[in-house]
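Residue numbering restarts at 1 for every chain, and letters A, B, ... go by the order of the sequence lines. Side chains are part of it too, since the values below use all heavy atoms of this structure and drop only hydrogens, waters and symmetry mates. Note that this is a predicted model, so its numbers are computed, not measured.
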Amino acid sequence: MSYRTAKELQEEAESLLNEYSARAATLKVKERQKIPSQDMPVQDPELRSHNMEEVALGYSFEQAQVEAYRCLQCAKKNCMEGCPVKIDIPRFIDHIAKGEIEQAIAVVKQTTLLPAVCGRVCPQEKQCQLHCTLGKSLKDIDSSVAIGRLERFVADWERINDKIVIPSVKPATGKKVAVVGSGPAGLVVAADCRREGHHVTIFEAFHKLGGVLRYGIPEFRLPNDIIDKEIETLAAMGVEIKANFVVGRTRKLTDLIDKDGYDAVFIGTGAGLPVFMGIEGENLIGVFAANEYLTRINLMKAFDRKADTPIYPSKNVAVLGGGNVAMDAARMAKRLGAEKVFVVYRRGEAEMPARKEEVLHAREEGVEFLLLKNAKKILGDESGRVNGIECVQYELGEPDASGRRSPVQIPGSEFILDVDTVIVAVGNGSNPLISQTTPQLAVNKRGNITVDETQQTSMKRIFAGGDIVLGAATVILAMGEGRRSAASINAMLAEEV
Amino acid sequence: MNNILFKQQLSQDVFLMRIHAPLIAEERQAGQFIILQTDDDYGERIPLTIADADTVEGSITIIFQVVGKTTKHLATFNVGDELPALLGPLGKPTHIENFGRAVCVCGGIGVAPMHPIAQALKKAGNHVTIIIGARTKELVILEEQMRVIADELIICTDDGSAGIKALVTAPLKELCERETKPDIVIAIGPPVMMKFCSETTRPYNVFTQVSLNTIMVDGTGMCGGCRVNVGKEVKFVCVDGPEFDGHLVDFDNMMARLSAYKDIERTHYKCFVEKAYNNSLKEEAL
Ligand SMILES: Cc1cc2nc3c(=O)[nH]c(=O)nc-3n(C[C@H](O)[C@H](O)[C@H](O)COP(=O)(O)OP(=O)(O)OC[C@H]3O[C@@H](n4cnc5c(N)ncnc54)[C@H](O)[C@@H]3O)c2cc1C
Ligand SMILES: Cc1cc2nc3c(=O)[nH]c(=O)nc-3n(C[C@H](O)[C@H](O)[C@H](O)COP(=O)(O)OP(=O)(O)OC[C@H]3O[C@@H](n4cnc5c(N)ncnc54)[C@H](O)[C@@H]3O)c2cc1C
Ligand code: SF4
Ligand code: FES
């Protein structure tokens, strides 16, 4: 796919709209199949790899409408099968096709509270778009209806046009709910419990809210304004916000109930424990966990000259891993001025867990992919700074139990990659802080909090959800768990009134 | 919220502040620290030990040395000013019990974090010897407070202007050679000083606990920036520490890692000082 400017895409959309709009409602399946899929305009790769502005620019009204015409409005809503929160996809798309954006966003918001976020970061090609009948009929998943882009469009439209409706709040119940952590899971619980009229307090360890949305996912993929708007909405609903507060340390988890009078607690503290590879040289100067690298830049604004938090000056960077976190770190390194950025991943491209679009964007920006290769050892100079990594080549062997073909080392294939910075992005474990300071809370052997089907933990009145339960997962799954937790908390509190 | 209630300059570069922080004051134990920012948007998160706390006043005490941009900025805060971000208490509390004979070795500003530990050791029934080391007389802080706690207090200065002219390792070695050798040594100060204290006690097999001051970002175990090699394991100072067995710590690696941002930090500091200087010139001109 070659790069097309926003202007070219817009002209194409306008002419398609001319062609189809008069008989939009009566288009035959065959005709709909013929309408070309609308590309999302993006910033020029050369330009964007040197700035922090958002890469994807979003659909115009015309593009959104043309894309909406493509939807077959299937009676059997296959797309919804793949949506973890079951958005009524055909219905919101139908509203877009009719130009009724306000109604479209209302449909989306019935099930997801953060559509501007989900529209940007959900792995749609593995969820709704994977099941889309149109994509299946055209035998190309890239030809599915661009559901994620449409979701983003309606959410942006609402925000840009100042149409965000502050959800109404029921009369005060006198009950108090504590939400620990302000990632997507926590934000959803706060909104849903507040709506029922409970007093809600969000406790967040950092000085800014949003969890990974703020400190992990870079501005060029998810601008901070969007997160700020969400927090503003919560504040307008009357949610109390306590930043710089580590539950487990500033206050013990149980004290929130015993001393501070909260009637229920939700733990959404995420999977924030960086995992290292356990190879030689990992503590050399210039080796970072992706968490540290991204936090310094996103949360602490180290890309800005005004910021006090320093960032390590890099020329050649190796990022170890193949997920979204690795892509973000690699693209960020590029933006901070690295000349060469390598992603070193031990499987093939098809096995990469990162979103397809992010891999594509990274490639366009000049990130180089060293696939079927793995770091064996990090090398340093006499002052303890990184000056290379020793890598080894792999080949794909037989599929293992999970069905994935597992990589096998090729003996004697070692080689050295000249880099001065290594960013480790091979996964996150669960943060042990709460479980360490609350020994009675049950966790599994990986340190994740165990919950029942109502999201309740082993302790009364204490619920949990998101990455701290699932292990490092996705935004939408964290939100889904948040919704379920809030429903259980609301049900529990309703019984007690 | 986090207003400064009291400020005192202890020596040229060392300041003491009492800050309103009732929840932290209530929860904190010896050995724990806070993280603060002097600016909510562009500031850096720096860790400082809680030197003391007053639950009646609802305050914590910090004692800090000006070394770079943030500590320099912090020193300009005055009574009544509010700190934009303060988080704590962080880290594992010091394990306190009646060990028997405890020796507390403090280097420079290390007296501040040692104060609550020495207090707790004394309270638990230990015989407490305190060694304070500093470059020169003016840099010896909290001498009176420590004298109240100590069964024995030894002061060492590099130039002999106070106490004996020696490094802290000299009296430490002597104590290890006594028949009643220490049951535990706790050393807090610059990394090299902690390294040499650990080397001094190693041949005598005296358990030596050190408090590491690595570079931190979050302080809650999320970034991995504070990691150190302890024995064969990698530990995160902010959640697994800050205290570790000095005989197992890889000090050379730790010291190297502390210098990761030296050049950049120096530029930040210079910019800040120059800007303050230019502003004061402007004010004078008005
Ligand atoms: C770099 C990166 C890129 C990603 N990209 C994508 C993507 O493109 N698409 C996608 O779907 N998913 C992506 N993910 C995964 C997704 O962000 C997470 O699954 C999701 O954010 C989990 O939400 P959560 O609410 O469980 O926790 P988090 O978002 O992790 O938030 C937890 C919050 O709790 C706070 N906290 C922790 N402990 C305490 C405590 N004791 N007291 C108070 N506060 C505490 C933390 O500071 C944090 O703010 C990405 C993750 C990363 C790291
Ligand atoms: C758990 C812990 C407790 C601490 N307690 C105290 C305390 O009670 N009083 C006190 O004065 N200091 C204490 N420190 C050290 C203090 O955090 C640093 O002096 C401070 O971060 C420097 O910030 P800055 O912006 O002023 O200087 P920077 O510009 O960040 O650094 C200036 C110079 O100091 C060095 N440096 C940076 N970070 C540290 C660090 N963490 N420790 C030592 N040197 C560093 C750098 O190499 C740099 O060259 C503690 C550190 C830790 C980790
Ligand atoms: S499966 Fe695809 S074509 Fe069918 S309704 Fe859903 S989005 Fe439209
Ligand atoms: S400071 Fe981030 S893990 Fe310790």
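Proximity to chain B involves both the backbone and the side chain of A:Leu273, based on heavy atoms less than 4.5 angstrom apart. Proximity to chain B is absent for every atom of A:Tyr293, based on heavy atoms less than 4.5 angstrom apart. The part of B:Asn253 that comes within reach of chain A is its side chain, from C-beta onward, which places non-hydrogen atoms under 4.5 angstrom from that chain. For a residue to count as touching a neighbouring chain, one of its non-hydrogen atoms must lie under 4.5 Å from one of that chain's; by this rule B:Val234 touches chain A with the side chain only. Interface remark: A:Asp255 contributes side-chain atoms only to the contact with chain B (heavy atom separation under 4.5 Å). Of the two parts of A:Asn283, the backbone and the side chain both hold a non-hydrogen atom closer than 4.5 Å to a non-hydrogen atom of chain B. Proximity to chain B involves both the backbone and the side chain of A:Val287, based on heavy atoms less than 4.5 angstrom apart. Heavy-atom distances place the side chain of A:Lys301, and not its backbone, under 4.5 Å from chain B. At a 4.5 Å heavy-atom cutoff, the contact between B:Leu86 and chain A is made by backbone atoms alone. Looking at B:Arg45, the atoms closer than 4.5 Å to chain A (heavy atoms on both sides) sit in the backbone and in the side chain alike. With a threshold of 4.5 angstrom between heavy atoms, A:Thr295 approaches chain B through side-chain atoms but not through N, CA, C or O. For B:Ile46, no part sits under 4.5 Å from any heavy atom of chain A, backbone or side chain. With a 4.5 angstrom heavy-atom cutoff, A:Leu284 touches chain B only via backbone atoms. Proximity to chain A (any heavy atom under 4.5 Å) is shown, for B:Thr267, by neither the backbone nor the side chain. Using a 4.5 Å cut-off between heavy atoms, B:Asp41 contacts chain A through both its backbone and its side chain.
For A:Tyr312 and A:Arg385, the side-chain atoms include at least one donor-acceptor pair closer than 3.5 Å.
The existence of a salt bridge linking A:Asp308 and B:Lys69 is confirmed by a sub-4.0 Å separation between a basic side-chain nitrogen and an acidic carboxylate oxygen.
When the candidates B:Asp218, B:Thr38, B:Ile215, B:Thr220 are compared by the number of heavy-atom contacts under 4.5 Å with chain A, B:Thr220 comes out ahead. Comparing B:Gly219, B:Ala85, B:Gly68, B:Ala21 by how many heavy-atom pairs each has under 4.5 Å with chain A, the most go to B:Ala85.
Remark: B:Thr208 OG1 to B:Arg202 CZ distance equals 9.0 Å, nearest 0.5 Å. Separation of atoms CE (A:Met300) and SG (B:Cys223) is listed at 10.5 Å; rounding is to 0.5 Å.
No more than 12 heavy atoms of other residues, nucleotides or ligands lie within 6.0 Å of CZ in B:Phe196, so this atom counts as exposed by the packing criterion.
By the 6.0 Å and 45° rule, B:Arg18 stacks over the aromatic ring of B:Phe6.
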